[in-house]
Every structure is written in C-alpha cells, then in structure tokens.
Amino acid sequence: MMILQFYLKGLLISAIFVLLVGGFYAFTYLVRNTKKPWAERRNRIFDLILVGILTTPILSFAVFRRSCNFKNSGPMNLIYFFK
C-alpha cells in the first residue's frame with residue numbers, strides 16, 4: 001500500500017509540473033506566433049498535449065524514486081532530496 005501511495009504522489013507532482021511547464025510553453029508559443037495559421041498552432045498544441053501525456057508517468061517514477069530515498073534516509077536529509 002505504501003508503494004502505491006508513493007507512486008500516486010509522484011504521479012500527482014509530475015502531472016502538476018507537466019501542466020505548468022506545458023501551459024507556460026503553450027502560452028508563450030501562442031503569443032509569439034500570432035501570424036501563423038490557426039491549424040499550425042493547433043497542431044503544435046496537440047503535440048504538446050501528447051508529449052505531456054507520455055512524459056507524466058516517466059517523471060512520476062523519478063519523483064517516486066526520490067521520495068523513497070528521502071523516506072528511507074531520515075528527516076535530516078531534506079537538502080539531498082532536491083539534489
């Protein structure tokens with residue numbers, strides 16, 4: 001049960017991270033490329049959504065691994081969590 005809890009926590013953290021980074025990229029792309037046709041901009045956004053869907057589970061395993069290391073290493077090693 002504890003492994004599932006760590007994985008779901010990592011999935012949530014990575015989903016939020018991917019949404020923030022993807023949203024920022026989409027916003028800056030749409031603002032900077034107003035002259036391009038809407039179909040081209042829409043295709044770029046669809047590509048961004050697909051990359052986000054594929055990247056989220058991979059990042060969740062990275063966060064899961066870091067949280068397992070942090071959980072096993074004790075409360076005084078908070079600095080090493082972010083290295």
Practice item. Find the distance between OH (Y7) and OG (S14) and round it off to the nearest 0.5 Å. Key: 7.5 Å
Revision key, fill the gap. Rounded to the nearest 0.5 Å, the CG atom of L11 sits from the CG atom of L4 at a distance of 10.0 Å
Check your understanding: Got a sec, which pairs hit side-chain hydrogen bond (donor to acceptor under 3.5 Å, both in side chains) with one end in residues 17-26, sequence neighbours left out?
Key -> Y25-R44
Revision key, fill the gap. Residues 11-37 vs salt bridge (charged side-chain N to carboxylate O under 4.0 Å, His left out), sequence neighbours excluded, gives K36-E40
Point to revise | Common cluster, V21/L59, ILVMFWY with side-chain heavy-atom separation under 4.5 Å | key: yes
For residues 46-58, which side-chain donor-acceptor pairs fall under 3.5 Å, sequence neighbours excluded?
{"unit_1": "T55", "atom_1": "OG1", "unit_2": "V51", "atom_2": "O", "d": "2.6"}
{"unit_1": "T56", "atom_1": "OG1", "unit_2": "G52", "atom_2": "O", "d": "2.6"}

Check your understanding: T34 and R41: which non-hydrogen atoms are nearest, and at how many Å?
Key -> CA-NH1, 4.1 Å
